[in-house]
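To start, the structure under review is shown below, and the notes come after it.
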Amino acid sequence: MNFLLRFPARWSLPLVLFLMSVPAVWWFSVLQHQEYSRLVESEETIRIKERLAIEQMRLEVQLGMGNLLQVRRIVASLGLRRDMLHAWLIGRDGRILAALTRVELDRPWDEVRGRLPLPLAAALAQMPDHGPAITLSRPASADFLLGEVELRTGHRLVVVSDLAAPLARRLEAGRSELAKQAGTLLFFALTVGLLLHLLWTQRMRRLLRAAERLGQGDFTIRAALPGGDELASIGAAFDTMAERLARQQDEIRRLATLIEQSPLVAIVWRNEPGWPVAFVSSNIVNWGFDKRALLAGAFRYVELIHPDDLPMIAADVERHLAHGPDRYVQEYRLRDGFGHWRWIENHTWLLRDDEGRVSTIQGVLLDVSRRHEAEEAMHRQSAELAARNVELERFAAAAIGREEEMIRLKREINALSRALGRPEPFDLSFLAAAEEEAQR
Amino acid sequence: MRRLIALLGLAFLLAACAPEPTPPLRLAVNPWIGYDPFVLARDRGPLDARLRIVEVASNSDSQRALANGMIEAAALTLDEALRLADAGVPLEIVAVLDVSAGADAVLARPEIDRLDKLRGRRIGVEAGAVGALMLARLLAAAGIDDSEVTILSVEAGQHVAVLTSGRVDAVVTFEPMKSQLARRGYRVLFDSRVLPGEIIDVLVVRPGVDARPLLAAWQTGLAALEQDRLAAAQTLARGVELSAEEYLDALSSLRLFRVEESAEWFDGGAAAPLARRAQPVVAELMRRGEIKQPPDWAALLGKGRR
């Protein structure tokens, strides 16, 4: 059956019809042969019986008249029947009185019979005596009919008629019929093939070409099959699929563009030692990597992680693989393609198979080196500010002490002045407002 | 793929073109001993596998079988062949087999010793056969009108029976019945020696039949007969109720033709020797209204001329 799948449908369908017609014709011929064999035997039996009935009457008349010449001619003229092989009129003395040939005349019946081919001689020897009734029989597996009739004069007329020739003629006529049937079947197969070609295979080829183009990535292709049959429905479904794929492709393209233009790097690792990279977005080139070399396994991902970070990262990954959770974030240093260390924020999620084993590790890498640098700078500035603040506090404490000494001196001077009855030289009213504010 | 379909198609064509069973070539011969070389060839064998030589009871049987399409060939007298052709039976004359020189005769009861004594008598003859021609010649020679005799139509196989039983007074017959009756004392009043070359026996076939196996059988039988006439007579006489000597005597009253001798009678179309010799027969058949128009010799002798 797979043999047929090697051919296009426009050939295989008519071929299947044709191949199915061959055993059908063969089987019909077998049945026809059996039927014809029965029919020929039946028809020949009737014909010979009818003929023998006539000859029985004619022979009895001529024998009664003693017209031996006419008797012999009546028997000899049985040879006009094209299938008559032998005819003998056997006298009461057991000698041949008349036959199809003159050489058998006057010879003993046993001698003539003994010279015949064995199957026929044996069949003739076993012919039972049926009296005046015409008897016809076909010995088992023989291709001839035996006929016998006993005349009132005591003579026996025995005939042998061929069945092979009439069967051959009937089969010949049947062969013509078979040839017509085979021709009709062939014509039918070719017509069906042509119709299928016109109705189906042309559109199937169109659909196939569209599918091939789609498979090659051309999502703009449409089958646009005419009609309202199943194939047209498949074509419509194909077109719907192509449209959806085109939209998805557009979205993917946009997404890919966004990713390419973003600092995010999409990456997929296989859960294998060394975490070989299965996919990485093209913007990895911005980090100095050759994407194809990375995918080809030119180096393992773990070799890119800073040696100080790797133990912690590997242990963390092993823990997530073993126990989850399946979404986590890691930060580590990665040596880029230029040989520089980058701080990477790695957002990871794990994909597991039906048995819970991690099959794929997907992640998005974000370069956070600048944030780290900013944080380090901020830490440095905070330390400087803290040191300066200590000095300032120290300076402020010194300045406040001196100011308080000055206020005390001014208050003493103002007290002396009031004691002296003089106006106070220093205005210290702001101190009263401050004390009042402090009390509140 | 195309090759496979072509092969399957070819197989079907071959199956459809399987050879048809070979049709038999059946030749009917009546009791006339001039046709016995065919019988001798058959009984000595072997014959062409297609050929079947069948002995029938009378000239009429041969004509009926040919007209009805039951046989492909027949041995007939020329006048019988002309009657059939005129009646529209398609046939071709392919050979001259023999010419009667006394083997056709009128035999009568012993007391009828002159032709004129046939007046008022009953005469048995096979209608539509060569006997009718003989009878016409007989009555003309005797000066008797058709109305002065009673004509009974009797087929050849019955000639002996009807004359010996007294149902007729005379019979127009031929060998071997002539010798059978002569042996029993019946008198020969008239025979074909007075009609030299008029009673010609020919081999006819239906158009399209290959006559070569027939001619080969004739030549074989004739050669066997010429080689050992007595042995041949002993074989053939058994079927015609004659002794070998009687058979040889009967045989001497006709001339058998070899195939090459026959061919000489076919040269010249309408002027062929056969057509020329047939003129008296044609004239008599036309006078009696047994044929309506002169024979188309070109069509009749087509194969024999070749």
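By convention in this document, chain letters (A, B, ...) are assigned in the order of the sequence lines, proteins followed by strands, and residues within each chain are numbered from 1.
- Atoms OG and CD, from B:S100 and B:E175 in turn, are 8.5 Å apart once rounded to the nearest 0.5 Å.
- The number of heavy-atom neighbours closer than 6.0 Å to CZ of B:R212, taken from other residues, nucleotides and ligands shown, is 12 or below.
- Side-chain N or O atoms of B:D43 include one that pairs as donor or acceptor with a backbone N or O of A:R102 at under 3.5 Å.
- In this structure, CG in B:L25 is found 12.5 Å from CZ in B:R206, a value given to the nearest 0.5 Å.
- In this structure, chain B has a heavy atom under 4.5 Å from the backbone of A:L100, while its side chain stays farther away.
- At a heavy-atom cut-off of under 4.5 Å, chain A is reached by B:T235, B:L236 from residues 227-237 of chain B, listed in order of number.
- In this structure, a donor-acceptor pair under 3.5 Å is absent between the side chains of B:Y35 and B:D98.
- Taking 4.5 Å as the heavy-atom cut-off, the residues of residues 47-60 of chain B that approach chain A are B:R52, B:V54, B:E55, B:V56, B:A57, ordered by number.
- Note: A:Y36 OH to A:S29 OG = 11.0 Å, rounded to the nearest 0.5 Å.
- With a 4.5 Å cut-off on side-chain heavy atoms, B:V94 and B:V204 do not count as touching.
- With contacts defined as side-chain heavy-atom distances shorter than 4.5 Å, the pair B:Q219/B:L214 does not qualify.
- Neither the backbone nor the side chain of B:N68 has a heavy atom closer than 4.5 Å to any heavy atom of chain A.
- Of the listed residues (B:A65, B:A28, B:G239, B:P176), the one with the most heavy-atom contacts under 4.5 Å to chain A is B:G239.
- When the candidates A:D106, A:I74, A:T101 are compared by the number of heavy-atom contacts under 4.5 Å with chain B, A:T101 comes out ahead.
- Using a 4.0 Å cut-off between a side-chain N of Lys or Arg and a carboxylate O of Asp or Glu, B:E72 and B:R26 qualify as a salt bridge.
- Against chain B, the residues from residues 44-72 of chain A that qualify, each with a non-hydrogen atom under 4.5 angstrom away, are A:Q62, A:M65, A:N67, A:L68, A:L69, A:Q70, A:R72 in number order.
- Considering only heavy atoms from C-beta on, A:L157 stays 4.5 Å or farther from A:E148 through its side chain.
- Atom CG of residue B:L66 and atom CD of residue B:Q63 lie 8.5 Å apart, to the nearest 0.5 angstrom.
- With salt bridges taken as basic N to acidic carboxylate O contacts below 4.0 Å, none links A:R115 and A:D110.
- Using a 30° and 60° split on the angle between ring planes, A:H86 and A:W88 fall in the parallel class, below 30°.
- Ranking A:A98, A:G79, A:A173, A:A99 against chain B, the residue ahead of the rest is A:G79, based on heavy-atom pairs under 4.5 Å.
- Residues of residues 152-174 of chain B that come within less than 4.5 angstrom of chain A, heavy atom to heavy atom, are B:G157, B:Q158, B:A161, B:R167 in numerical order.
- Here the straight-line distance linking atom CD1 of A:I96 with atom CZ of A:R107 works out to 10.0 Å at 0.5 Å rounding.
- With a threshold of 4.5 angstrom between heavy atoms, B:P31 approaches chain A through its backbone and through its side chain.
- Within the model, atoms CD of A:Q32 and CH2 of A:W27 stand 13.0 Å from one another, a figure rounded to the nearest 0.5 Å.
- The closest side-chain heavy-atom distance from B:L256 to B:L97 is not below 4.5 Å.
- Taking a cutoff of 4.0 Å between a charged side-chain nitrogen and a carboxylate oxygen, A:D83 and A:R169 qualify as a salt bridge.
- Side chains of A:S37 and A:Q34: a donor-acceptor N/O pair is absent below 3.5 angstrom, by distance only.
- Counting all heavy atoms, side chain and backbone alike, A:R113 lies closest to A:A121 at O-CB, 3.3 Å.
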